[in-house]
Number of protein chains: 2
Amino acid sequence: MADGPTINTIAERAGVSIASVSRVLNGLPTRQETVRKVMAAADELGYVRNAVARSLKSRRTHQVAFAMADVGNPAYLAMLREIQPVLKAAGYRLVLHSTDAVAADEIDVLHSLGERYVDGLIMSPLRVTEAHLEMLAAARAPVVIIGSVPEGTRVDNVRADSRTGVRLAVDHLYSLGRRRIGLVNGPLDTVPGAARGAAYREALGDLGLPYDEGLVQIGDFYRAEGGRAVAELLARVPDVDALMCANDLIALGALDVLRAAGRRVPDDVAVAGMDDTDLAAASWPSLTSVSLGSAERGKAAAELLLDRLQGGEREPRLVTVPPRLVVRASTVGESAAGFRTDEKESGS
Amino acid sequence: MADGPTINTIAERAGVSIASVSRVLNGLPTRQETVRKVMAAADELGYVRNAVARSLKSRRTHQVAFAMADVGNPAYLAMLREIQPVLKAAGYRLVLHSTDAVAADEIDVLHSLGERYVDGLIMSPLRVTEAHLEMLAAARAPVVIIGSVPEGTRVDNVRADSRTGVRLAVDHLYSLGRRRIGLVNGPLDTVPGAARGAAYREALGDLGLPYDEGLVQIGDFYRAEGGRAVAELLARVPDVDALMCANDLIALGALDVLRAAGRRVPDDVAVAGMDDTDLAAASWPSLTSVSLGSAERGKAAAELLLDRLQGGEREPRLVTVPPRLVVRASTVGESAAGFRTDEKESGS
DNA sequence: TTGTATGCGTTATCAT
DNA sequence: ATGATAACGCATACAA
C-alpha cells in the first residue's frame with residue numbers, strides 16, 4: 001500500500017516537466033517522442049490519476065448522490081436500479097444515502113451539498129417540509145426531487161400519479177362487477193395515504209357509487225397491519241366484494257386474512273395492490289397491482305439531472321410518470337388453479 | 001448557484017488569517033475573540049467545508065465503495081441494507097458500483113482504487129479469477145471480499161457456508177420422513193451451482209440415502225427456468241416427495257408447477273428454497289428456505305473494512321457466516337389452510 | 001513543443 | 001495566539 005506515483009514521479013522518470021506529463025495524459029498535442037517516454041514511464045509505474053486532485057482543480061467530482069428514504073423499500077430500489085446504469089453510462093459514480101425517512105437527515109444531505117463531494121443530487125423525500133424548501137432554494141448543486149413539491153418550487157421534479165393509479169384499480173374492480181369496493185389504507189397523515197384516500201373517494205363518485213365510510217379501513221403500510229385492518233373491515237362489512245389496498249404489503253396481508261376466513265380470491269373478494277413490487281408476482285394468487293412507475297421515475301430523474309449537469313442553466317422541469325395497472329390472478333384469476341406466467345397490462 | 005465561500009472569504013470578513021480560520025473551524029486552541037469573529041463570519045456566509053480540498057490534504061475521502069454484481073438481486077440488497085448504516089455511523093459515505101456480474105467491470109473497480117476516490121472497498125464478485133487475484137494483490141486501498149477466495153489469498157474475506165446450508169435443508173426434509181428428495185439446481189459452472197450440487201450429494205450420503213442422478217435436475221436460477229426444470233423432474237420421477245431448490249426463485253417456480261400438476265405442498269411434495277429472500281415469506285404457501293446470512297455477511301464485511309481503515313495493518317481475517325434454516329409452510333404447513341404469521345428458525 | 005509558475009481549498013509547520 | 005507559507009496532485013496560462 002505504498003504511496004502511488006504522481007505526475008511528478010512520472011516527470012522525473014521520463015525526464016520531462018509535469019506540464020508535459022499532464023498534457024500527454026490528457027491527450028493534448030505533444031511531440032511523439034515525449035508521448036512515448038511519458039506513456040512508458042506511466043505504464044512502468046502503474047500510474048492512475050488522482051480523482052481528488054482532479055476534482056479540486058476542475059470543480060467537478062463526477063459523483064452524483066441519490067438520497068432515498070429507505071434502503072429496504074422495493075420502490076426506492078426500483079429507482080436505484082434505473083438510476084445506477086444511467087449515471088454509470090454518463091461517467092458518474094453513485095453515492096448512496098439512506099435517510100431512514102427522517103426529515104432532519106434529508107435536510108442534512110441537502111446541506112452537505114455545500115461540501116461539494118458530488119455534482120448533483122437526486123432525492124426522494126417522504127414529505128416536503130418548509131425546511132426542505134428553504135434548503136432547496138439555497139442548494140449549492142443541482143437537485144432533482146422525486147415526489148411532489150408545492151406549485152412554483154424552482155426545482156426539477158419527477159412525480160407519480162397515484163390519483164390516476166387508484167382510479168385505474170377502482171375502475172378495474174368496478175368493470176368486473178364489484179360494487180362493494182373497500183379501501184385499506186395507510187395513515188392519512190402521510191402523503192401517499194392522504195392522496196390515495198382522496199383518490200378512492202373521487203373514483204367512487206365518478207362511478208356513481210356512494211362513499212361509505214364503513215368500507216374504509218386505516219392501518220399501516222405493512223403486511224401484518226394490513227391484515228389486521230382487513231380483518232376488522234371484514235367483520236364490519238361481511239359483504240365486501242373487492243379490496244383496494246394502498247400498497248402491495250397491505251394486499252398480501254389481505255390475502256392472508258381472506259384465506260384464513262375461507263373467502264376465495266378473487267371469486268368472493270377481489271384484491272388489488274399498489275406499487276407492483278416483486279412480491280406481487282410472487283404471491284399466490286398473484287396480485288393485481290398498480291405500478292406507479294418507480295423504475296421510470298428513477299430513470300427520468302437521472303436524465304433530468306444529467307441534462308442539467310451537462311447543459312447548464314434552464315427552467316426547472318416537471319415530469320409526471322403515468323401509472324399502469326398490472327392485472328393478475330387476484331382480480332381475474334381462476335380461484336385455485338392454473339399455472340400462469342403471462343400477465344396483462346393496461347396503460348392509463 | 002454562486003461560488004460558495006472559502007476560508008479566504010471568511011478570513012477577509014473576519015479580519016484574520018486563513019490559518020486562524022482553519023484553527024477555529026477545527027477546534028484548535030484560539031483566543032475567544034477570534035473564535036467569535038470567525039464563527040460569526042462563517043455563519044453569515046453560510047460556509048461549508050470543501051470535502052474535496054480536505055481529502056486532497058488529508059489523503060482520506062471518508063468514502064467506501066461497495067461493488068455488487070447486480071443491483072436487482074435481493075441477496076446483494078440485503079448486504080447493502082446492513083453495510084449502509086454501519087458505514088454511515090462511522091462517518092463514511094457509500095459509493096455504489098454495479099458490475100453486472102462482468103469480471104472486467106470488477107477488475108475495473110479494483111483498478112480504479114488507484115484514483116483514490118474511496119478509502120476502501122467491499123466487493124462481492126460472482127467468481128474470482130486469476131485477474132482478480134492479481135489486482136487484489138496490487139490494490140491501492142483496503143479491500144474486503146464477500147465470497148470465497150482461494151486459500152492463502154491475503155485479503156479480508158467473508159463467506160457463506162452453502163454446504164452446511166444445503167445439509168440443513170436436506171436433513172430437515174429427511175426428518176419429515178421424506179426419502180425421495182430431488183435437487184433442482186442452477187448451472188454447474190457457477191460457484192453456487194457447483195457447491196450446492198456437491199453438498200446435496202454429500203448430505204444424502206451422510207443420511208444413508210442413495211445418490212440418484214434421476215433426482216437431480218439442472219435449470220437456471222430463475223422462476224420460469226426453475227419451473228421448467230421441476231416439470232421435467234416430475235415427469236421423470238413421479239414419486240418424488242421433496243424438492244431441494246438451489247434458490248428461492250427456483251422454489252417459486254416449483255410451487256407454480258406443483259400447483260398446476262395438482263400436487264399438494266407440502267403433503268405430496270415438500271419444497272425448500274435457498275437465500276431466504278422476501279419472496280419466501282410472501283409466497284403461498286410460504287417457503288421454507290435456508291438463509292445464507294446475506295445481511296450478516298454485509299455487516300461483517302463493513303466492520304472488517306472499518307477496522308482496517310481505523311486500525312491500520314494487521315493479518316487478513318476470514319469470517320464465515322453460518323446458515324440458518326427458516327421453516328415455513330412449504331415443508332410443514334397444513335396444505336391449504338391456516339393464517340400463520342409466526343415462523344420457526346433453527347440455527348446450524 | 002516545452003517548462004515555469006500559479007491556483008484549486010485545506011491543513012499544518014514554522015516563525016513571530 | 002497568530003500570520004505567512006508550503007504542500008496535497010493536478011491543470012493551465014503564459015513565457016520561452
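Each chain gets a letter, A, B and so on, in the order its sequence line appears, and its residues count up from 1.
Side chain of B:Asp70 to backbone of B:Gly72: a donor-acceptor contact under 3.5 angstrom is found. Counting only distance, with no hydrogens or angles, the side chain of B:Arg54 and the backbone of A:Glu115 share no donor-acceptor pair below 3.5 Å.
Put simply, CG on B:Asn8 is 11 Å from C1' on C:dG7, counting in whole angstrom units. In this structure, B:Leu56 places its CG atom 9 Å from P of D:dC10, rounding to the nearest Å. The separation between B:Gln32 atom CD and D:dT2 atom C1' is 15 Å, rounded to whole Å. Atom CG in A:Leu28 sits about 13 Å away from atom C1' in C:dT2, given to the nearest Å. Distance CG (B:Leu25) to P (C:dG9): 15 Å, rounded to an integer number of Å. When the C1' atom of C:dT11 is taken as reference, atom NE2 of B:His62 falls 13 Å away, rounded to whole Å. Atom P of nucleotide D:dC10 and atom CZ of A:Arg49 are separated by 10 Å, given to the nearest angstrom. Atom-to-atom, CG of A:Leu45 to P of D:dG9 comes out at 14 Å; the value is rounded to the nearest Å.
For A:Arg54 and D:dG9, the shortest distance from a side-chain N or O to OP1 or OP2 is not below 4.0 Å. At the phosphate of C:dG3, OP1 or OP2 sits under 4.0 Å from a side-chain N or O atom of A:Ser17. A close approach under 4.0 Å does occur between a side-chain nitrogen or oxygen of B:Ser20 and OP1 or OP2 of D:dG3. Contact annotation: B:Tyr117 does not reach the phosphate of D:dG9 (side-chain N/O to OP1 or OP2, under 4.0 Å). An OP1 or OP2 oxygen of D:dA11 is reached within less than 4.0 angstrom by a side-chain nitrogen or oxygen of A:Ser22. Listed pair A:Arg59 / C:dG9 meets the phosphate criterion, a side-chain N or O lying under 4.0 Å from OP1 or OP2. For D:dA11, the OP1/OP2 oxygens have a side-chain nitrogen or oxygen of A:Asn26 closer than 4.0 Å.
At the heavy-atom level, A:Val16 lies under 4.0 Å from the strands shown only through sugar-phosphate atoms. Across all strands shown, A:Ile18 has heavy atoms under 4.0 Å from base atoms, whether or not it also approaches the sugar-phosphate. When heavy atoms are screened at a 4.0 angstrom cut-off, A:Ser55 is found touching no nucleic acid atom at all.
Within 6.0 Å of NE2 on B:His111 lie no more than 12 heavy atoms contributed by other residues, nucleotides or ligands.
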| query | Are A:Val52 and B:Val52 close enough, and set up right, to give a side-chain contact (heavy atoms from CB on, under 4.5 Å), and what steps lead you there? | reply | CA-CA 6 Å; A:Val52 177; B:Val52 177; 4.1 Å; yes
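Among all heavy-atom pairs drawn from B:Gln63 and B:Arg93, the shortest one is OE1-NE, 3.2 Å.
Remark: the B:Lys57 side chain and the C:dA12 base include no donor-acceptor N/O pair separated by less than 3.5 Å.
Each of B:Ser58 and B:Gly15 lies near DNA chain D, and the nucleotide nearest B:Gly15 is the one positioned closer to the 5' end. Judged by closest nucleotide on DNA chain D, B:Pro29 is the one of B:Pro29 and A:Ala19 placed further toward the 5' end.
Inspection of the A:Tyr117 and A:Ser112 side chains reveals an N or O donor paired with an N or O acceptor under 3.5 Å. A donor-acceptor contact closer than 3.5 angstrom is absent between the side chains of A:Tyr47 and A:Arg13.
A salt bridge links A:Lys88 with B:Asp105: the closest approach of a Lys/Arg side-chain nitrogen to an acidic carboxylate oxygen falls below 4.0 angstrom.
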What nitrogen or oxygen pairs link the protein and nucleotides 14-16 of chain C at under 3.5 Å?
none

